[in-house]
There are 2 protein chains.
Amino acid sequence: MPQEARPFKASLFFVSAASSFATPSFASGVITGLQSCDKLAVVPVITITWAKMHNIRKPITMADIARSTGVSPMTVSRAFKQDASVSQETREAVLRAAEELGYVFDSTAANLRSQRTDFVAVTIPSINNANFADTVRSLSDGLAERGLQILLGYTNYDTKEEERLIEQLLRRKPEAIVVTGGKHTPRARKLLSNAGIPVIETWDLPEEPIGHVVGFSNALAVREMVNHFVSSGYRKIAFIGGDADRDTRGTDRRAGFIAAIKDHGLDAERLIAAGPPPISMREGANAMGRLLEQFPDTEAVICVSDLSAFGALTECQRRGLAVPEQIAIGGFGDYEIGAICVPSLTTINAFAAEIGTKAAKLIIDVLDGRLANGLGRVTIRPDLILRETSR
Amino acid sequence: MPQEARPFKASLFFVSAASSFATPSFASGVITGLQSCDKLAVVPVITITWAKMHNIRKPITMADIARSTGVSPMTVSRAFKQDASVSQETREAVLRAAEELGYVFDSTAANLRSQRTDFVAVTIPSINNANFADTVRSLSDGLAERGLQILLGYTNYDTKEEERLIEQLLRRKPEAIVVTGGKHTPRARKLLSNAGIPVIETWDLPEEPIGHVVGFSNALAVREMVNHFVSSGYRKIAFIGGDADRDTRGTDRRAGFIAAIKDHGLDAERLIAAGPPPISMREGANAMGRLLEQFPDTEAVICVSDLSAFGALTECQRRGLAVPEQIAIGGFGDYEIGAICVPSLTTINAFAAEIGTKAAKLIIDVLDGRLANGLGRVTIRPDLILRETSR
DNA sequence: GTCTCTTATGTTATCGATAACATTGATTGT
DNA sequence: ACAATCAATGTTATCGATAACATAAGAGAC
């Protein structure tokens with residue numbers, strides 16, 4: 001529509017300056033419409049007709065409302081804010097006129113002048129992951145109360161991609177930025193540090209946080225599960241996760257597994273790499289197949305997520321392996337599937353939704369000047385949930 | 001940060017106009033800083049100190065880069081576009097200066113002036129649904145090739161909420177808008193029609209489309225499954241879905257089920273309402289429980305989605321009911337879980353990702369002026385996928 | 001009755017990039 | 001060789017809302 005509106009303006013220039021023909025952008029649509037007409041004087045009329053034919057109208061602005069209501073544009077602007085001092089009747093008149101004219105508020109102008117966008121940028125590894133979706137949803141709900149909207153991007157579990165994404169997002173001038181994870185490229189770190197807005201790292205406890213943190217230790221959470229499995233008598237314990245060369249939360253979980261196993265004096269060699277994250281149910285199943293072939297005597301397996309754990313469970317079912325009698329399974333993330341599948345999954349609840357809620361509260365506190373210069377550190381303590389896939 | 005930057009500017013006004021004390025917004029931060037100083041002449045110095053102390057600097061603009069490079073701001077602007085005519089060395093100098101100064105492109109200004117945001121607004125019912133996530137992902141990937149970014153919002157399966165969301169999104173001046181479903185409030189329809197941008201309705205085949213359509217008939221898809229079930233010998237067929245009072249795709253599927261059943265001269269009374277959408281796995285399981293109590297002789301059940309179907313399946317497993325021997329189950333959406341669970345789910349593949357891809361292509365075609373005034377109508381033909389939960 | 005304070009509104013300048021138009025020197029075609 | 005074209009850059013005005021400041025009229029205080 002802005003594109004279509006352009007010819008109208010261009011044709012006006014046409015009347016005054018013939019040299020504008022040189023401009024390539026001008027030489028497209030309008031010319032065609034005008035060439036059939038040989039009298040330059042009627043160009044404006046033609047143009048208006050053309051515009052009307054195509055139902056092009058210059059977008060309604062506050063100035064239009066002001067004119068039709070008989071007040072100043074500033075008063076119109078005030079009438080749209082709930083707190084501004086405008087008389088009841090003026091406001092009603094303005095809103096009525098706006099409705100009649102079909103006015104749609106133009107936030108791009110407001111954004112520039114007020115230097116506020118009411119955007120909060122958010123990066124997540126994948127849009128198709130119930131855990132991150134939960135975080136985003138509760139974050140979004142929390143921020144909505146203060147009129148903040150989320151600008152979302154996904155990184156495909158790739159820090160280089162994250163860097164590009166962060167750069168893109170910062171151009172939109174968000175009020176704050178929430179990133180998933182605490183590992184970033186050096187340039188991404190720099191971009192975030194220099195952005196001049198609150199930065200919140202989530203789903204992790206970074207060693208050197210950039211700004212605020214709402215997260216938990218992935219390694220520690222898995223360690224707890226290992227401890228529980230060992231105390232339940234399991235000794236030959238395996239781990240199914242993504243490839244080790246990515247800086248993701250899955251890698252931290254894997255590292256936590258290895259450390260915990262070694263602390264118990266056990267063998268930490270039962271590691272199955274299921275490919276680059278995200279690890280799907282299918283990949284979990286495949287990994288389970290490989291695990292059973294490489295280490296048939298495995299007593300328990302911890303998976304990087306409930307999705308891969310469920311996949312592993314189905315593989316056992318296909319092979320007629322009793323869970324947990326012959327092999328125990330643990331997941332991560334407390335997805336809905338883990339609670340309802342048969343047998344139900346032992347897992348770790350990382351409180352995905354709470355991360356979003358806490359992050360939203362943190363952002364609002366910072367933007368409202370509470371928490372002055374301090375940095376927020378919200379540590380979530382994941383819960384071990386014992387269900388039927390382990391004894 | 002814009003907040004923090006304000007005092008700096010305000011204090012400059014302070015020097016010229018004492019009456020600015022009256023402004024409440026001014027009477028906050030800066031005054032405190034200045035009161036300890038009794039010589040007005042040094043105010044600028046104080047201010048700079050204060051600004052430095054808090055590491056506040058006026059954001060870098062293209063004008064700054066222009067100054068430091070010795071070119072005009074316009075040349076700087078051109079240097080950032082890949083197609084603009086700028087000499088190689090000038091461009092390099094500009095980019096180098098930008099890097100050194102830590103410049104971040106301000107799209108809010110570009111948005112206003114160029115009347116382009118490169119946003120495409122998208123509404124989906126829920127952010128936590130793998131089907132819609134697939135559509136959004138492929139849509140996003142498709143649009144990214146032309147530099148378009150998605151502005152996403154979710155409606156909670158509520159048309160009133162959708163109306164609010166659409167209004168919010170349109171204020172951001174997207175280049176196009178993609179909505180899920182073809183049922184909207186009258187006001188939402190009006191907003192979309194008047195927006196002056198391409199409108200794409202998806203996941204449905206609306207009777208009166210607003211603009212373009214990329215979708216399929218939910219009713220027809222379920223009808224095919226019913227037909228298959230009947231031809232397989234099932235007669236007592238039930239449907240598990242959301243409450244009937246919502247205008248959603250689930251309601252269409254339910255309607256398609258009823259119509260198809262009646263066409264076969266069968267009894268369409270085995271309808272279990274599982275609550276307001278979205279229907280979770282848990283709700284699917286509960287609904288299955290109720291179904292088995294109300295209609296114990298049911299031979300097959302079709303669920304509004306794979307999630308509820310899987311929930312239903314687990315309920316059968318908990319009750320020791322053999323699937324498909326004692327009862328057959330059909331789902332909808334071809335979620336990953338349906339392919340991997342044991343037994344695997346008979347379902348309908350609605351090609352969620354393809355909807356996104358096609359919509360992206362459509363949008364780009366329209367924005368690039370191909371498809372002139374025509375309206376796109378991309379009809380997807382869902383696939384019936386026969387797996388182990390039915391014979 | 002004068003002064004202060006508040007409420008409702010108007011005026012002006014501005015946010016930062018860029019569209020539109022202008023200009024200059026170099027290159028090409030015939 | 002000279003007009004025509006192009007490549008590279010500059011100048012000016014503008015997108016539309018709103019921050020900052022100004023002002024007029026009414027309410028209340030002493």
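All values below come from the heavy atoms of this structure, side chains included, with hydrogens, waters and symmetry mates left out.
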*Look at B/Q115 and D/dG16 and indicate whether a side-chain polar atom (N or O) is within less than 4.0 Å of OP1 or OP2.*
yes
*asked:* Using OP1 and OP2 only, check whether a side-chain N or O of A/K81 sits under 4.0 Å from D/dA17.
replied: no
Return the value, rounded to whole Å, for the distance between atom [atom1] of [X] and atom [atom2] of [N].
X      : N      : atom1 : atom2 : result
B/R172 : D/dA17 : CZ    : P     : 14 Å
A/R116 : C/dG16 : CZ    : C1'   : 18 Å
A/M62  : D/dA19 : CE    : P     : 10 Å
B/D64  : C/dG16 : CG    : C1'   : 11 Å
A/D106 : D/dT14 : CG    : P     : 18 Å
B/K173 : D/dG16 : NZ    : C1'   : 10 Å
B/F80  : C/dA19 : CZ    : C1'   : 18 Å
A/D118 : D/dT18 : CG    : C1'   : 14 Å

*Which pairs with one or both residues in residues 74-84 of chain A pass side-chain hydrogen bond (donor to acceptor under 3.5 Å, both in side chains), sequence neighbours excluded?*
A/S72-A/T75
*With sequence neighbours excluded, give me every side-chain hydrogen bond (donor to acceptor under 3.5 Å, both in side chains) pair touching residues 161-171 of chain B.*
A/Q149-B/Q168, B/K160-B/E163, B/E161-B/R164, B/E162-B/H184, B/E163-B/T185, B/E163-B/R187, B/E167-B/R187
Identify every side-chain donor-acceptor pair in residues 97-104 of chain A under 3.5 Å, counting partners at least two apart or on other chains, and give the distances.
none

*List in chain and number order the residues that pass side-chain contact (heavy atoms from CB on, under 4.5 Å) with B/A144, two or more places apart in sequence or in another chain; answer none if no residue qualifies.*
none
*Who passes side-chain contact (heavy atoms from CB on, under 4.5 Å) against A/S87, sequence neighbours left out?*
A/E89, A/T90
_Quick test of your reading of the model: are A/R146 and A/D118 salt-bridged, counting only N-O distances below 4.0 Å?_
no
*Find the distance between NZ (B/K361) and CG (B/L371) and round it off to the nearest 0.5 Å.*
9.0 Å
*Under 4.0 angstrom, heavy atoms only, what part of the nucleic acid is B/Y103 near: base, sugar-phosphate, or nothing?*
sugar-phosphate
What pairs of nitrogen or oxygen atoms, one from the protein and one from nucleotides 9-13 of chain C, lie under 3.5 Å apart?
unit_1	atom_1	unit_2	atom_2	d
C/dT9	OP1	A/S87	OG	3.4
C/dT9	OP1	A/T90	OG1	2.6
C/dT9	OP2	A/S87	N	2.8
C/dT9	OP2	A/S87	OG	3.3
C/dT9	OP2	A/T90	OG1	3.3
C/dG10	OP1	A/S72	N	3.4
C/dG10	OP2	A/S72	N	2.8
C/dG10	OP2	A/S72	OG	2.7
C/dG10	OP2	A/T75	OG1	2.4
C/dG10	N7	A/R78	NH1	3.3
C/dG10	O6	A/R78	NH2	2.5

